[in-house]
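The structure appears right after this line, and notes come after that.
In this text, all values refer to a predicted model and were calculated from it rather than measured experimentally. Order of the sequence lines sets the chain letters (A, B, ...), proteins ahead of strands, with each chain counted from 1.
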There are 2 protein chains.
Amino acid sequence: MAIIKKTYKDQVVDHVYQLLLTNELNPGDQLKETLLAEQMGISRAPIREAMKELIMNGLVDYRPQVGNFIPVFSPQQIIDSYTTRGVLEGYAVMSACALFSTEEIDKLENLTVQMESYAVKKNHKMVIDTGGEFHDLLISKCDNVQLLEYTDRLSLKLHILFFKYWGKLYSSTEIGGRHRKIVESVKAQDLNLIEKVVRQHYVETGSKIAEIEG
Amino acid sequence: MAIIKKTYKDQVVDHVYQLLLTNELNPGDQLKETLLAEQMGISRAPIREAMKELIMNGLVDYRPQVGNFIPVFSPQQIIDSYTTRGVLEGYAVMSACALFSTEEIDKLENLTVQMESYAVKKNHKMVIDTGGEFHDLLISKCDNVQLLEYTDRLSLKLHILFFKYWGKLYSSTEIGGRHRKIVESVKAQDLNLIEKVVRQHYVETGSKIAEIEG
DNA sequence: TCGATGTCTAATGTCGACATTCGACAGATG
DNA sequence: CATCTGTCGAATGTCGACATTAGACATCGA
């Protein structure tokens, strides 16, 4: 039973994700309901439904009576978004750091090594995937539904809108070093340090991307 | 020029706010589009638009193909929501605490005194309003748009969904003491302390409400 | 008896058409 | 020349009707 029925709305959302990830949509572009509806052979109703979801996840800017636009971020706003992710993830990791098993810590260390290795080989896709796995595991012990909701949304937003820059982000030593610092702080169960290094990780990531984008 | 034209959608949103604040809607209730449309004399389209906005702000739970419901929170979820607010506000205040003028610090202290005074008189409405002003001023120096967006949304959600409990929350000494601690930490420019006391304030608030509700 | 299956209903999902509004541009006005 | 105003087009906002589906209930069979 692999067939998952999707509503038109969901298909539209996926469609826009693809358009963003393949750079067919750029910051400032307007998503015209009529046009999208024509292109997908459906009516405007599900397009509008999809827009609301995209807006909710921060992937689309809405201007009443005018339309929906791919957001344009200033360098500072990029930094702000990553900073916010860091604040949320920092707390998530810190608040549940006692719950990691030794196997999971090992896993985190292995992922770090893999990431470095992929970075050396310039296999950016795998760097990103491994990084995703790392951060997912890192926050997996947190059970604050509200906080995770925001973390996930922000994660999706940053992933989709800035995916194109991630390849240029790190040298292999930087990416390894940063993640190693996080693992070390968790191993040490140093609450203050955990929040500090996680935040730092995201602020630096955001700054780098803001630099590239600006 | 005080007349602000509102779209039907906005009127629906306001209508639901009112229903929630006046306890005409309770956790678990379904918001049926057809019924709301009839009651307001409009079609389902703007009702659906309004639902999306309410969902985005966390005031309504959406179940695909089933409907929209007033959320039911477990005590733990209530605590989680307040905790998250504390994490966000704690960072907001901490990151911009150097920007407060002495006049603004004075204002914060005055608001604390007023709050205490209203609490003594059991004037709950004014306690809440003054408290709102206090926290608004507290985060006003933060310019992280992304973080403030989440803070505001969460604020609205907690305000509207748990408004009914706020009256029972504090004794006058508690409410004064808690807010005084925050002001003191800001005056001292003690970054770690600021985050700690702000978080503590919200965790305790959330716990109290969870206790009442549970 | 109890679980699987069929049917029904009330709610959401989608449609195409019409109403309304924002923003651009041309022309009037000082 | 700058600014104000009116018109116009293209986009969103709203409508009423129809399509589809989740969940409740009745039915059937081991």
Side-chain angles (χ1 to χ4, degrees), chain A residues 1-20 24-72 149, chain B residues 1-20 24-72 149:
Chain A
M1 186 52 177
I3 295 175
I4 301 174
K5 272 201 202 172
K6 285 198 177 187
T7 178
Y8 282 151
K9 179 197 81 173
D10 292 328
Q11 294 180 29
V12 175
V13 170
D14 287 347
H15 180 63
V16 175
Y17 283 172
Q18 287 311 318
L19 291 179
L20 281 167
E24 291 170 67
L25 284 174
N26 297 299
D29 285 356
Q30 184 168 6
L31 289 157
K32 296 176 188 174
E33 297 171 357
T34 314
L35 189 60
L36 275 173
E38 272 178 27
Q39 289 172 345
M40 301 190 67
I42 58 180
S43 82
R44 280 174 53 216
I47 304 283
R48 287 173 70 81
E49 300 284 315
M51 287 303 124
K52 303 305 178 198
E53 180 164 335
L54 291 165
I55 293 163
M56 181 156 68
N57 287 329
L59 293 166
V60 162
D61 268 355
Y62 167 67
R63 295 170 52 195
Q65 301 282 12
V66 179
N68 301 291
F69 300 82
I70 306 301
V72 181
E149 186 186 314
Chain B
M1 184 52 177
I3 296 173
I4 302 175
K5 271 200 200 170
K6 285 201 178 184
T7 180
Y8 281 152
K9 179 197 80 174
D10 292 328
Q11 293 181 28
V12 175
V13 170
D14 288 347
H15 180 63
V16 175
Y17 284 172
Q18 287 311 317
L19 291 179
L20 281 166
E24 292 170 67
L25 284 174
N26 297 300
D29 286 356
Q30 184 169 7
L31 289 157
K32 297 178 188 172
E33 298 173 356
T34 313
L35 191 60
L36 275 173
E38 272 178 27
Q39 290 174 343
M40 300 190 67
I42 58 180
S43 82
R44 279 175 54 219
I47 304 284
R48 288 174 70 80
E49 301 283 317
M51 287 303 126
K52 302 306 176 195
E53 179 164 336
L54 291 164
I55 293 163
M56 179 157 68
N57 287 329
L59 293 166
V60 161
D61 269 353
Y62 167 66
R63 294 171 53 195
Q65 302 282 13
V66 179
N68 301 291
F69 300 83
I70 306 301
V72 181
E149 185 186 314

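- Applying the salt bridge (charged side-chain N to carboxylate O under 4.0 Å, His left out) criterion to B:D29, with sequence neighbours excluded, gives no partner residue.
- If you measure from atom CZ of A:F69 to atom P of C:dC22, you get 13 Å, rounded to the nearest angstrom.
- Annotation: salt bridge (charged side-chain N to carboxylate O under 4.0 Å, His left out) contacts of B:E53 (sequence neighbours excluded): B:K9.
- Per the geometry, CD belonging to B:Q11 stands 13 Å off C1' belonging to D:dG13, to the nearest Å.
- Here the C1' atom of nucleotide D:dG13 and the CG atom of A:N68 are 12 Å apart, to the nearest Å.
- Under the rule for a salt bridge (charged side-chain N to carboxylate O under 4.0 Å, His left out), the partners of B:R48 that lie at least two apart in sequence or sit in another chain are A:E49, B:E33.
- Two residues are said to be in side-chain contact when any heavy atoms from C-beta on lie closer than 4.5 Å; B:V16 and B:L59 fail this criterion.
- Contacts between residues 25-33 of chain A and DNA chain D, counted as heavy-atom distances below 4.0 Å, involve A:Q30, A:L31, A:K32, A:E33.
- Inter-residue side-chain proximity for A:L31 and A:L25 is flagged as met; some heavy-atom pair is nearer than 4.5 Å.
- The side chain to side chain contact (heavy atoms under 4.5 Å, CB included) search around A:E149 returns A:Q146, A:R153, not counting sequence neighbours.
- Remark: B:A45 pairs with B:S43 by the side chain to side chain contact (heavy atoms under 4.5 Å, CB included) rule, at least two apart or across chains.
- Each end of the helix from C:dT1-D:dA30 to C:dG30-D:dC1 gets its own axis, taken as the rotation carrying the C1' atoms of four end pairs onto the next four within a five-pair window, and the two axes meet at 20° to the nearest 10 degrees.
- With rounding to the nearest 0.5 angstrom, the CD1 atom of B:I47 is 8.5 Å from the CD atom of B:Q39.
- Residues passing the salt bridge (charged side-chain N to carboxylate O under 4.0 Å, His left out) test with B:E38, sequence neighbours excluded: none.
- One can place OH of A:Y62 at 13 Å from P of C:dT21, the figure rounded to the nearest angstrom.
- Residue A:K6 contributes atom NZ, which lies 17 Å from atom C1' of C:dG13 at whole-angstrom precision.
- Within the 4.5 Å cutoff, the side chain of A:N68 has no heavy atoms near those of the A:L54 side chain.
- For residues 54-64 of chain A, no pair satisfies side-chain hydrogen bond (donor to acceptor under 3.5 Å, both in side chains), with sequence neighbours left out.
- Taking side-chain N and O atoms only, A:T34 has no distance below 4.0 Å to OP1 or OP2 of D:dA10.
- A heavy atom closer than 4.0 Å to some atom of DNA chain D occurs in B:I42, B:S43, B:R44, B:A45, B:P46, these being the qualifying members of residues 39-58 of chain B.
- Residues A:I55 and B:K52 are not in side-chain contact: their nearest non-hydrogen atoms beyond the backbone lie 4.5 Å or more apart.
- The distance between atom NZ of A:K9 and atom P of D:dT20, rounded to the nearest whole Å, is 19 Å.
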Under 3.5 Å, which N/O atoms of the protein pair with N/O atoms of nucleotides 22-25 of chain D?
{"residue": "D:dG23", "atom": "OP1", "partner": "B:R63", "partner atom": "NH2", "Å": "3.1"}

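- In this structure, A:P46 and A:Y8 approach most closely via the heavy-atom pair CB-CB, 3.8 Å.
- A sub-4.0 Å separation between OP1 or OP2 of D:dT21 and a side-chain N or O of A:Y8 is absent.
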